Amino acid sequence: MINEEIANIFERMSRLLAFKGENRFRVLAYRRAAQSLRDLKDDLATTAREGRLDEIPGVGKDLASMIREYIEKGRIRRYDAERRGVPGALIDLMAAPGFGPKTVAVLHEKLSITSVEELNRAINSGALLELRGFGEKKVENLRRGLALWLSSKQRMPLGVALPMAEKLLDDLRKLASVERADVAGSVRRRRDTIGDLDLLIVSANSPRALREFSKLPGVKQVAALGETRATVIMEGGVQVDARAVEKNSYGAALQYLTGSKEHNVHLRTIARRRGLKLSEYGVFRGAKRVAGADERDVYGSLKLPLIPPELREDRGEIEAALQGRLPDLIELEELRGDLHAHTNYSDGRSTIEEMAARAAELGYEYIALTDHSPSSRIARGLDCAQLEQKFEEIEAARKNRPGRRPHLLFGAEVDILPNGKLDYPDDVLARFDVVTASIHSAFKQSKDKMTGRLIDAISNPNVRIIGHPTTRLLGSRGPVDFDLEAVIKAAGAALEINGAILRLDLTDTMARAAQQGGALLAINSDAHSAAQLDQIRYGVYQARRGWIEARSVVNSWRWPDLSSWLEARRSGRQARGAATGRR
DNA sequence: GCCGTTTTCGGCCCGACTGTTTTCAGTCG
Ligand SMILES: Nc1nc2c(ncn2[C@H]2C[C@H](O)[C@@H](COP(=O)(O)OP(=O)(O)OP(=O)(O)O)O2)c(=O)[nH]1
Ligand SMILES: [Mg+2]
Ligand SMILES: [Mg+2]
Ligand SMILES: [Zn+2]
């Protein structure tokens, strides 16, 4: 997407200006604009055509004209001018820990370093030690920073980070010096991917608590250890930051460490405008602390309601809070069922009976058992004979279940073929209780083709849900290119928020755009075993980050409402809730 | 470079840790 391309240019522009020692607020302006573009839901080409670039926060006259230039000409003269004579590798390098703009500039000016290889040679030959301000320890830290950066560039999935954080919290809570420990940072905000773990410790003896933290099992290296904060690198390369405060600063410290950075800066600016100062120690009027122990009070002292962590990205949540218009976010307990789960008929590991049993334990009113269609050969998609067998087994299982709960839905996750046709004929599709249509092939189609393909699928009245619409896989496959607005407008089918920890698809901002455009959503687990039904919670996290309310989520509806929605489309009746949503 | 309950200039969040510094710059959260 062009948004990402331009965001990357602005980010690099920011680094170039910093490298050259330009005014730091100019540097900041480019960085903020880059961040702002990444949060954008609309295609910049569309926004530009509509003349609405100046509505983007952080984009003024200059940056707007640069965006237009890139859209029209595919390049930006001022960017090209700035980067002339600066090795791109050095701008990349500025992402490595310890390699700030000043350091990298010195490497370039004094040692004419232009690549990582040259940098490595300079470190090993001792050439760096000759430089003013570069002692033994600094060079050693640079060596480590470079190694860490080269070995672990990827962010980790939330589904990996969250259990890791829980384990560390368990260990911390056993320490006598630790009164309380909580996870903060992007994990608490439930971002789909996590850079590092941020832990908050409450202690009457912070230095001691941090010393003990730095000796926890699994710690490979202590990168920093002070009186109030410490950073360690775990075996496996994950960075863990810990911040320790006294009880009376707990709320403010939790607010600070939860972030995001952009949310914090905005909040602190508001505090300042009100004659207050906000830091991780509290909210202060002069020397007087007016809040600090409790996070809700920290927000309250700024005349704001507590903002749910998932919203704290400075994507309009502070403005919404000021107007009392925060969304009533969907909660896990509001889900009454799961509409995407595989069985051992295709690539799942559990039987129909096992899936049903776990769904019953989760208190579900319904669960859809959706296996693959024949084109998904690796996933052992079902042919018609196998469908017949599966149908009969579901019928039998229905009779076995006390009170016939949960309702077992005979479902399919049918492939959307490259030409937009579905992988079962209509008469077969008509027999399912619920059909989710998903793309599992030909990911590289053009935006137009892909959009048409999805709309073709939606136009089949048997289809009620589009599964994992972007088909991205975190860490290995990017999203397919399609026009989200057009797909939303096509209506007819709900869009999935797939909770599989490597999918989380739709993304948060796309889900938000979908709800805003009046689309319905389905939050599903895409479980491939009974235990994986629980990963639906990650879908809920993602939905909350997308400002999603229960009214938009079809599987928060009671069975009678869901049931009539499932049938409405092919029976030609008005789909209940499709227009306005309902609980 | 952006932006406006301090409006079109003059600010732009606030604090901790490290190394090499003789008083603080650089980097990071
Ligand atoms: N006020 C303020 N807070 C910051 C700043 N940088 C970071 N923080 C706070 C908010 C962040 O969420 C928190 C943890 O910092 P991280 O760098 O770990 O970021 P975060 O966890 O949000 O994302 P990550 O997934 O780790 O990249 O510290 C800053 O420049 N100013
Ligand atoms: Mg973090
Ligand atoms: Mg951190
Ligand atoms: Zn799938």
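Computed from a predicted structure; not experimentally measured. Lettering of chains follows the sequences in order, A, B, ..., and the numbering in each one begins at 1.
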Note to self: Between B:dG1 and B:dG19, how many Å separate the two C1' atoms, rounded to a whole number?
What the structure shows: 33 Å
Checklist line | Heavy-atom protein contacts under 4.0 Å, nucleotides 24-29 of chain B, coded B base, S sugar-phosphate only, - none | finding: --SSSB
Checklist line | Check: A:Lys41 and A:Asn3 side chains under 4.5 Å, non-hydrogen atoms | finding: no
Checklist line | Pairwise C1' distance, B:dT8 and B:dC3 [rounded to whole Å] | finding: 9 Å
Next item on the list: Quote, to the nearest angstrom, the C1' distance that separates B:dT7 from B:dG15.
Entry: 30 Å
Next item on the list: Write down the distance between CD1 (A:Ile76) and C1' (B:dG1), rounded to a whole number of angstrom.
Entry: 14 Å
Note to self: In whole Å, I'd like the distance from the CG atom of A:Leu210 to the P atom of B:dA16.
What the structure shows: 13 Å
Next item on the list: Rounded to whole angstrom, note down the C1' distance from B:dT6 over to B:dG11.
Entry: 10 Å
Next item on the list: Using whole Å, report how far CG of A:Leu17 lies from P of B:dC2.
Entry: 12 Å
Check: Which pairs with one or both residues in residues 81-102 of chain A pass side chain to side chain donor-acceptor pair (under 3.5 Å), sequence neighbours excluded?
Finding: A:Arg12-A:Asp92, A:Lys20-A:Glu82, A:Asp80-A:Arg83
Margin query: Less than 3.5 Å apart, any donor N or O on the side chain of A:Tyr541 or A:Glu310 sitting next to an acceptor on the other?
Written below: no
Notebook entry, point to check: Quick one: on DNA chain B, does A:Ser279 or A:Asn141 contact a more 5' nucleotide (nearest heavy atom)?
Noted result: A:Ser279
Note to self: Just to be sure I understand the rule, does A:Leu267 reach a base, reach only the sugar-phosphate, or reach nothing, if contact means heavy atoms closer than 4.0 Å?
What the structure shows: nothing
Checklist line | Minimum-distance nucleotide to A:Asp62 side chain [options: B:dT20, B:dG1, B:dA16] | finding: B:dG1
Notebook entry, point to check: For B:dC9, which nucleotide is its Watson-Crick or G-U wobble mate, given both distances must be under 3.5 Å?
Noted result: B:dG4
Note to self: Could you tell me if A:Ser177 and A:Asn205 have a donor-acceptor pair between their side chains, going purely by distance under 3.5 Å?
What the structure shows: no
Margin query: Angle between ring planes, A:Tyr30 versus A:Phe10, binned at 30° and 60°: parallel, tilted or perpendicular?
Written below: perpendicular
Checklist line | Atom-pair distance (CD on A:Glu136; P on B:dT18), nearest Å | finding: 18 Å
Check: Do we see a donor-acceptor contact under 3.5 Å between the side chains of A:Asp505 and A:Thr470?
Finding: yes
Checklist line | Atom-pair distance (CD on A:Gln221; P on B:dT18), nearest Å | finding: 12 Å
Notebook entry, point to check: If the P atom of B:dT23 is compared with that of B:dC28, how far apart are they to the nearest Å?
Noted result: 25 Å
Next item on the list: Would you mind reading off the distance between A:Phe10 atom CZ and B:dC2 atom C1', rounded to a whole angstrom?
Entry: 13 Å
Margin query: In whole Å, measure the gap between the P atoms of B:dC9 and B:dA16 for me.
Written below: 37 Å
Within the sub-3.5 Å range, which N or O atoms of nucleotides 7-12 of chain B have a protein N or O partner, and how far apart are they?
from: B:dC12; atom 1: OP1; to: A:Arg272; atom 2: NH1; distance (Å): 3.1

Notebook entry, point to check: Checking all strands, does A:Arg78 fall into the base, sugar-phosphate, or nothing category for heavy-atom contacts under 4.0 angstrom?
Noted result: sugar-phosphate
Item checked: Nearest-Å distance once atom C1' is located in both B:dG10 and B:dC17 -> 31 Å
Checklist line | Whole-angstrom distance between B:dG26 and B:dT21, as gauged at atom P | finding: 13 Å
Check: Under 3.5 Å, is there a donor-acceptor pair linking the side chains of A:Arg191 and A:Ser186?
Finding: no
Item checked: Syn/anti state of B:dT22 by chi, 90° boundary around 0 -> anti
Item checked: Spacing between A:Ile56 atom CD1 and B:dC3 atom C1', to the nearest angstrom -> 16 Å
Item checked: Selection from B:dC17, B:dG1, B:dT20 that lies nearest to any side-chain heavy atom of A:Glu227 -> B:dC17
Next item on the list: Determine, for A:Glu55 against A:Arg52, whether the closest basic-nitrogen to carboxylate-oxygen distance falls under 4.0 angstrom.
Entry: yes
Item checked: A:Arg312 and its salt bridge (charged side-chain N to carboxylate O under 4.0 Å, His left out) partner, picked from A:Glu317, A:Glu295, A:Glu262 -> A:Glu295
Checklist line | cation_pi(A:Lys247, A:Tyr250) dist<6.0 Å, angle<=45 | finding: no
Check: Is there a side-chain contact between A:Arg289 and A:Ser249, using heavy atoms and a 4.5 Å cut-off?
Finding: yes
Next item on the list: To the nearest Å, give me how far apart OH (A:Tyr281) and C1' (B:dG15) are.
Entry: 7 Å
Notebook entry, point to check: Touch check for A:Val59, heavy atoms < 4.0 angstrom, all strands: base, sugar-phosphate only, or nothing?
Noted result: sugar-phosphate
